[in-house]
Amino acid sequence: MIRIRFHGRGGHGIKTASRIVGTAAFLAGYQVQDSPIYGAERRGAPVTAFTRMDTTSILERGIITQPNFIICGDETLLESPATGVLVGRENASAVFINTSNLEALKEKVKVGAHTVALDITQRTLAHIGKASALSVGLGAAAVRLSGLITIEQLREAVGIELEELGLDAQVIEKNLRLAEEVYGGLEKVTIQPGKVPPKELVHEMAYDPVLLGTPSILAPGNAEARQTGSWRVERPEIDYEHCTRCGLCFVGCPDGAIALDEQGYPVIDYDHCKGCLICLEQCPRHSITSKKEVRSW
Ligand code: SF4
Ligand code: SF4
């Protein structure tokens with residue numbers, strides 16, 4: 001069995017990437033299984049998806065802890081061990097990272113051997129004009145590294161999946177060109193026999209006691225320690241020239257990421273602002289604007 005684990009953020013198309021690989025593998029004659037898991041269901045939050053392919057029935061279920069391939073769509077996820085991107089990497093045949101500068105990344109994070117990199121974001125921006133829509137590029141990378149699926153099967157799978165999402169023919173054509181470029185820019189990796197998980201794993205959700213399960217915030221817990229600012233795809237910025245200190249953004253921020261300074265002006269805590277832009281919608285003076293976060297591109 002070949003096990004592929006995808007990591008990215010809400011809005012990157014991680015689930016679609018795993019579906020593209022699943023469909024392409026199916027077209028190549030394999031039995032397949034693909035599934036995502038989400039934490040917080042919103043843009044920017046970490047998302048993981050899994051694809052399994054085999055020549056016989058797949059009875060294994062749940063999360064993949066021993067992947068043959070790890071496909072990481074956002075290098076900033078590697079900075080937080082809690083995202084689990086490198087879990088099982090010792091036995092993986094390759095770790096793929098979407099980055100423009102693998103050497104600089106290696107200085108910050110121990111990614112280990114068998115790491116392959118390509119700047120999918122830049123290619124996605126060039127082909128379809130939207131840097132965050134990484135599904136096709138990441139799917140094509142996984143397909144190419146596995147060496148088990150042809151470019152024709154990949155093209156057909158991209159067409160099927162994007163049509164199902166309701167994309168028009170022109171956009172699909174651009175994505176097909178992106179898929180071809182990524183496929184052509186990588187080489188097949190020799191697949192090492194992966195480590196078989198100790199038992200069939202099912203992701204079990206822990207149930208909180210009623211007091212914690214109900215919306216009563218008793219203390220910040222570990223929320224302060226979690227740098228959720230790295231989830232941000234859009235960055236809100238306050239124009240203090242036009243801010244009237246009404247405080248609506250302060251009240252509306254669902255994450256308490258806006259404080260008021262001594263003069264009553266709002267101050268955004270970028271370590272914890274997740275970029276939901278509710279503050280921007282709240283501001284009656286349109287004093288908050290948003291800018292794209294620039295990280296991997
Ligand atoms: S975008 Fe605005 S509302 Fe959303 S978390 Fe950041 S500061 Fe709070
Ligand atoms: S909602 Fe707008 S005007 Fe009001 S405090 Fe926030 S930034 Fe200033």
Side-chain angles (χ1 to χ4, degrees), residues 7-16 36-49 72-85 98-99 108 121 124-125 128-135 205 208 212-297:
H7 294 269
R9 295 182 182 280
H12 281 159
I14 297 303
K15 172 186 159 197
T16 305
I37 51 169
Y38 305 94
E41 181 115 14
R42 60 172 304 281
R43 283 184 83 80
V47 174
T48 310
C72 178
D74 185 332
E75 64 189 88
T76 65
L77 289 169
L78 291 158
E79 291 165 25
S80 167
T83 56
V85 176
N98 169 25
T99 180
K108 285 191 279 179
T121 304
T124 304
L125 186 61
I128 59 178
K130 193 176 169 198
S132 61
L134 301 176
S135 56
M205 301 299 289
D208 286 329
L212 294 177
T214 49
S216 330
I217 299 172
L218 306 176
N222 67 2
E224 284 175 317
R226 287 183 66 92
Q227 304 278 297
T228 47
S230 68
W231 297 17
R232 214 168 39 239
V233 177
E234 299 278 343
R235 178 187 178 89
E237 290 188 353
I238 298 172
D239 170 6
Y240 289 105
E241 295 266 304
H242 297 99
C243 170
T244 57
R245 294 180 278 182
C246 71
L248 285 177
C249 55
F250 161 73
V251 174
C253 174
D255 291 304
I258 300 182
L260 297 180
D261 69 11
E262 282 174 4
Q263 283 85 44
Y265 281 105
V267 181
I268 297 175
D269 167 6
Y270 287 110
D271 281 344
H272 295 95
C273 160
K274 298 179 201 160
C276 67
L277 301 186
I278 287 174
C279 54
L280 183 148
E281 297 293 330
Q282 292 288 312
C283 179
R285 298 275 299 169
H286 306 294
S287 304
I288 303 181
T289 52
S290 76
K291 292 215 174 81
K292 278 246 171 295
E293 276 292 1
V294 177
R295 281 194 287 259
S296 59
W297 57 89

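Whatever order the structure lists them in is the order used to number ligands and atoms, beginning at 1. Side chains included, hydrogens not; waters and symmetry mates left out as well; all remaining heavy atoms used.
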Within less than 2.8 Å of atom 2 (Fe) of ligand 2, any N, O or S from C283?
-> yes

Protein residue, atom and distance nearest to atom 6 (Fe) of ligand 1, heavy-atom basis | C273 SG, 2.3 Å

Is the number of heavy atoms from other residues, nucleotides or ligands within 6.0 Å of CZ (R226) greater than 12?
-> no

Is the distance from atom 6 (Fe) of ligand 2 to the nearest N/O/S atom of C249 under 2.8 Å?
-> yes

Starting from atom 1 (S) of ligand 1, find the nearest protein heavy-atom neighbour and note its residue, name and distance.
-> L277 N, 3.1 Å

Any idea which protein heavy atom is nearest atom 5 (S) of ligand 1, and the distance to it?
-> K274 N, 3.5 Å

For atom 8 (Fe) of ligand 1, closest protein heavy-atom neighbour | C253 SG, 2.3 Å

Keeping the roles fixed (side chain from S287, backbone from H242), state whether a donor-acceptor pair exists under 3.5 Å.
-> yes

Given that the side chain starts at C-beta and the backbone is N, CA, C, O, which of these parts of C243 lies under 4.0 Å from ligand 2, counting heavy atoms, or is it both or neither?
-> both

Can you sort out which atoms of ligand 2 are near I288, meaning under 4.0 Å from one of its heavy atoms?
-> 7 (S)

Could you confirm whether H242 has any N/O/S atom lying under 2.8 Å from atom 8 (Fe) of ligand 2?
-> no

Residue part near ligand 1, for C276, under 4.0 Å between non-hydrogen atoms = both

Measure the shortest side-chain to side-chain distance between L280 and E234 over non-hydrogen atoms and say whether it is less than 4.5 angstrom.
-> no

Distance to 0.1 Å, residue and atom name: give those for the protein heavy atom nearest to atom 2 (Fe) of ligand 1.
-> C279 SG, 2.3 Å

Report yes if the side chains of P46 and L77 come closer than 4.5 Å at any heavy-atom pair, otherwise no.
-> yes

Considering only heavy atoms of G275, which atoms of ligand 1 have at least one such atom less than 4.0 Å away?
-> 1 (S), 6 (Fe)

Per-atom contacts of ligand 1 with P254, taking only distances under 4.0 Å to non-hydrogen atoms = 3 (S)

